Structures are given as structure tokens and as C-alpha cells.
Number of protein chains: 2
Amino acid sequence: MQNSFTEENYLKIIHSLSGRDGAEVSTNALAESTSTRAASVTDMLRKLADKGLIHYKKYQGVTLTETGEKVAIKVIRKHRLWEVFLVEKLGFGWDEVHDIAEELEHIPSEVLVEKLDAFLGHPRFDPHGDPIPDAKGNLTEPDYRILTDVQVGEKVLMMGVLDHAPSFLQHLDRSGITLGSVIEVREINEYDKSASVQINGGQTLFISLEVSKNLLVQRR
Amino acid sequence: MQNSFTEENYLKIIHSLSGRDGAEVSTNALAESTSTRAASVTDMLRKLADKGLIHYKKYQGVTLTETGEKVAIKVIRKHRLWEVFLVEKLGFGWDEVHDIAEELEHIPSEVLVEKLDAFLGHPRFDPHGDPIPDAKGNLTEPDYRILTDVQVGEKVLMMGVLDHAPSFLQHLDRSGITLGSVIEVREINEYDKSASVQINGGQTLFISLEVSKNLLVQRR
DNA sequence: ATATATTTTTAGACTAGTCTAAATTTTTTA
DNA sequence: TAAAAAATTTAGACTAGTCTAAAAATATAT
Ligand SMILES: [Mn+2]
Ligand SMILES: [Mn+2]
Ligand SMILES: [Mn+2]
Ligand SMILES: [Mn+2]
């Protein structure tokens with residue numbers, strides 16, 4: 001039996017809200033993320049449970065079954081590969097690709113995914129720094145730090161973002177921060193935790209806590 | 001208002017069944033092409049008429065309105081561009097791309113289509129020799145001849161196919177006939193209209209009337 | 001021109017996915 | 001630990017797209 005667009009979206013969202021510890025996801029959280037009402041979520045949860053894709057006990061929240069996890073990871077693989085295609089081959093900005101990939105991720109055909117993967121040169125990360133699951137369904141999340149955890153004086157590499165909103169990505173573009181940028185934390189203001197950082201040894205700029213909280217970095 | 005996958009498929013099929021003279025299309029013909037029942041077609045026709053996409057009078061068949069035609073041509077443009085992508089960039093065979101393109105053609109985003117078109121180098125024809133409508137919606141069908149109309153002794157260029165079925169395309173592959181092949185008609189058998197043809201000045205082979213009827217050719 | 005056959009539409013029903021309003025369960029708070 | 005608040009589920013309804021069976025319209029053949 002094939003899964004519908006809607007079912008795939010639910011599975012992907014459950015995967016993401018569940019986090020790496022596979023925590024229970026609440027009905028309301030899903031309603032929020034799917035932009036539907038809680039009642040609709042409950043209906044869908046019953047359906048996904050019947051199909052063996054989630055563990056669901058009324059009032060207790062849900063987690064993915066092994067099968068559900070597999071499906072979710074396949075969709076994530078497709079989403080991220082298409083994003084790479086859109087940015088690397090078609091010249092889209094990293095702030096423009098999410099919604100399109102949200103549709104492309106549901107195109108069936110295993111062959112298509114594997115040919116696309118090969119065409120792109122088997123990329124390991126998508127344009128936002130998120131890891132791309134391999135063909136077998138292995139997804140290893142690198143454990144990056146958040147910029148707020150970096151000490152004054154440290155130099156780190158910008159590796160990814162937590163917020164994928166176009167407005168945030170465009171803000172980074174305007175600040176000259178991209179994947180791979182070297183960020184040196186020069187000063188942290190006690191009052192509002194805003195930081196003064198130097199990018200690639202060049203320009204120094206101030207970034208708010210809001211921005212710091214959404215930047216994933218790594219020791220160089 | 002956005003059109004659904006289903007609506008887009010109907011419009012595309014009406015366009016194709018309507019032919020270049022824009023003839024009326026019957027309910028039964030649509031039921032056949034959409035693999036649904038006539039009753040379902042009637043329901044959809046009422047909906048498309050309400051949206052101003054088709055001219056529909058009960059029992060009289062349908063034709064596309066100007067708006068409907070525009071939508072249909074956009075879908076066809078996307079379908080054919082994606083087919084070029086699948087064959088030229090991903091290495092699919094021309095017999096493998098139809099079903100995938102049938103899904104990809106419904107991905108929205110004007111920008112995507114135009115960037116894809118540019119990436120592919122603004123191709124004029126798809127892998128089956130069908131013309132690709134331009135960005136403005138102009139679709140000019142070249143007037144090819146069918147191989148059955150070619151006289152003995154004539155040399156023609158293979159330009160396209162009428163049947164897009166994988167089995168037919170694979171048959172052509174096995175016969176060594178591809179777009180651009182030079183076909184010289186050597187002999188036509190009176191009894192069954194099968195033909196003896198020479199491909200690219202090399203091998204001579206026999207092709208049935210069934211095959212000849214589905215080959216589009218052009219004077220060299 | 002009338003009877004028969006074919007095509008098309010209508011009537012009523014079903015599934016997927018969604019909604020609102022009401023009922024129920026769980027959690028929090030006093 | 002009982003009352004209040006919050007979260008979740010149930011009940012009943014709606015739309016898109018489909019179906020079968022029956023009715024109506026059109027076309028074909030005596
Ligand atoms: Mn999606
Ligand atoms: Mn991404
Ligand atoms: Mn389609
Ligand atoms: Mn084609």
C-alpha cells in the first residue's frame with residue numbers, strides 16, 4: 001500500500017518533533033506543525049496506527065514504528081536531495097527551496113531518487129547543512145554546537161541552521177554568514193546576550209541572541 | 001484559485017483528445033483516458049465548467065476555454081521539460097520517463113519551470129519528439145508525416161512517435177530506430193502493408209503496419 | 001418513424017482529509 | 001485531593017473525487 005502526501009508529511013513531522021531520542025509527540029504539537037486542528041490530527045493518528053506506521057495510545061502521544069521511521073527517512077532523503085538540486089543545479093537561493101522541495105519529496109520512484117543522488121555526486125549535506133540519509137536509510141546527525149555555547153575568543157565553523165525560515169536565511173545572507181564561514185566570538189554582552197563576532201577574519205558584526213540560538217557551529 | 005492534480009490531468013487529456021482543430025471531446029473518451037467511469041467524468045466536467053476552464057453543454061461534449069487551454073499548455077510544458085531532464089541529465093531511457101513526468105508536471109512554481117528550462121538549454125522538443133511550449137504558452141505542432149504515407153524509395157528522418165507506450169519505445173530501441181534516424185523505405189508488402197526499411201544506410205529490417213502507423217517522419 | 005442500442009447524466013453512496021462543537025481524560029493548581 | 005485548566009478524543013458534518021445502478025437523452029437500424 002502506498003502512503004499519501006498527507007501521511008508522508010505527518011511521518012516526517014513526527015520524526016522531526018520526536019528528536020533523536022525518539023520522544024513522544026503530542027497531538028497539539030502535530031496540529032501546530034501541520035496547520036490543522038487537533039481533531040484532524042487524532043483522525044490521522046488512528047489511520048497511521050492502523051497502518052503500523054506509529055505507536056499510538058489514546059492521550060499518550062505518538063512515536064514512529066520502525067516502518068514509520070523508514071518511510072520518514074526516505075521522505076527526508078528526497079527532500080534534501082531535491083534541495084541540493086534546486087540550489088546547485090538550478091541556482092535557487094537557500095531561502096527559496098523549502099516549499100518546492102516540500103512537494104518534490106512526495107514524488108515516488110526509488111530509481112529517480114538514486115539517479116538524482118548520483119547526478120548530484122552523492123552529497124552528504126543539504127543547502128542548510130542538514131545531513132542527507134543514505135540509500136539504506138542511515139541518518140547520522142552530526143552533533144554540532146549552538147553558537148550561544150561558544151566561548152569568547154573561540155573560532156568556529158558555521159555548519160547549519162536550526163531555523164529554516166526564508167526571513168532568517170535572508171538575514172544571514174545580508175550579514176555575510178554562510179555555511180563554512182569562520183565565526184570568531186569577540187564579545188558577549190551581559191545584558192541581552194547579543195554577540196560581537198568576526199566573520200572569516202574580516203568584518204565584525206553584532207548578532208542578537210535570537211540569531212545565535214539558530215546557528216549550528218563546529219570546532220575548526 | 002489553484003487547480004488540483006486531477007483537474008490538471010483532465011485539462012491535459014481534453015487538450016490532447018481535442019486535437020489541433022479543437023474538436024469536441026466526449027464523456028466516454030475522457031472516461032477511457034482517465035481510467036474512471038463516465039459518471040465521474042460528468043461530475044468533473046461540471047466542476048471544470050464552473051471554474052471557466054471548459055465549454056460544456058450537457059450531452060454535447062466539451063472543449064477547452066482560452067483559460068483552460070493556457071492551463072493545459074503549462075502542464076504540457078512542465079511534463080515535457082521534466083522528461084528532457086530525466087533523459088538528458090539523469091540518464092533514464094525514453095521508455096521510462098512518462099509516469100514520473102506525469103507526477104512532476106503538477107509541481108507548482110513558475111520560477112521552477114523557467115529555471116529548469118534554462119538549465120536544460122531551452123530545449124524545443126522532448127525525448128519523444130514532441131514540441132515543448134514556450135514560456136508564453138505558444139505551442140506549435142510541426143506537421144510531420146506518418147511513415148505509412150511515405151513512398152517506396154523515399155528517405156525520411158524519424159522525428160517522433162504517436163504511441164508513447166514503453167513497449168513500443170523498447171521495440172524501437174531493439175530495432176535501432178531513434179529520433180534522427182534516416183529511414184529509407186525499400187519495399188511495401190501489398191498483403192499486410194508491412195515495410196522493408198533501411199536504417200541510417202545500414203541494416204535493413206521489416207516493420208509492421210502497426211509500427212509504421214506510429215512513426216512520425218519528415219523529408220530530409 | 002419507431003424500436004433498439006448507445007451515450008450521458010442523475011441519484012445515492014463511499015473514502016480521505018478536514019472542520020466545529022461537545023465530551024472525556026489528563027494535568028495543574030490551590 | 002478536589003476543582004479548574006489544558007489537552008485530547010468523539011460526534012457529526014463538509015468537500016473532492018470516485019463508484020454503481022437507474023433514468024434520460026441521443027444516435028442507429030430496421
Ligand atoms: Mn511535503
Ligand atoms: Mn533543508
Ligand atoms: Mn499528471
Ligand atoms: Mn513525451
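Just so it is clear, the structure is predicted and the values come from calculations on it, not from any experiment. Residue numbers start from 1 in every chain, and the chains themselves are labelled A, B, ... in the order their sequence lines are given, proteins ahead of strands.
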* Asked: Base, sugar-phosphate, or nothing: which does B:Ser40 touch, judged by heavy atoms less than 4.0 Å apart?
  -> base
* Check whether any side-chain N or O of A:Tyr10 sits under 4.0 Å from OP1 or OP2 of C:dA16, and answer yes or no. => no
* Counting side-chain heavy atoms from CB outward, which of C:dT18, D:dT18, C:dT8 is closest to A:Asp43? -> C:dT18
* Asked: So, is A:Tyr56 close to the D:dT9 phosphate, meaning a side-chain N or O under 4.0 Å from OP1 or OP2?
  -> yes
* Asked: Does A:Lys89 count as lying over the ring of B:Phe85, i.e. NZ or CZ under 6.0 Å from the six-ring centre, within 45 degrees of the axis?
  -> no
* Asked: Would B:Leu147 and B:Ile207 satisfy side chain to side chain contact (heavy atoms under 4.5 Å, CB included), going step by step from the backbone distance to the final call?
  -> CA-CA 11 Å; B:Leu147 190 60; B:Ile207 60 182; 3.5 Å; yes
* If you look at every strand shown and take non-hydrogen atoms under 4.0 Å, does B:Thr6 touch a base, only sugar-phosphate, or nothing? -> sugar-phosphate
* Asked: What nucleotide, of C:dT18, D:dC19, D:dA7, holds the atom closest to the side chain of B:Ala39?
  -> D:dC19
* To do: Report which part of the nucleic acid B:Thr42 touches: base, sugar-phosphate, or nothing (heavy-atom distance under 4.0 Å, all strands).
  => base
* Donor + acceptor pair across side chains of A:His106, A:Asn9 (<3.5 Å) -> yes
* Distance test, side-chain N/O of B:Lys47 to OP1/OP2 of D:dA16, below 4.0 Å -> no
* Asked: B:Arg37 side chain N/O closer than 4.0 Å to the phosphate oxygens (OP1, OP2) of D:dT20?
  -> yes
* Asked: So what does B:Phe5 hit on the nucleic acid, given a heavy-atom distance under 4.0 Å: a base, only sugar-phosphate, or nothing?
  -> nothing
* Report yes if a side-chain nitrogen or oxygen of A:Asn28 is closer than 4.0 Å to either non-bridging phosphate oxygen (OP1 or OP2) of D:dT8; otherwise report no. => yes
* Distance check: side-chain N/O of A:Ser26 vs OP1/OP2 of D:dA7, anything under 4.0 Å? -> no
* Of B:Ser4 and B:Lys58, whose nearest nucleotide on DNA chain D comes first from the 5' end? -> B:Ser4
* Consider the side chain of A:Met44, meaning its heavy atoms from C-beta on, and name the nucleotide among C:dT18, D:dT9, D:dA24 that approaches it most closely. => C:dT18
* Any pair with a residue in residues 7-26 of chain B that passes salt bridge (Lys or Arg N to Asp or Glu O under 4.0 Å), sequence neighbours left out, goes on the list, sorted by first then second residue, please. => B:Glu7-B:Lys51, B:Lys12-B:Glu102, B:Lys12-B:Glu105
* Is it true that the side chains of B:Ser26 and B:Asn28 contain a donor and an acceptor less than 3.5 Å apart? -> no
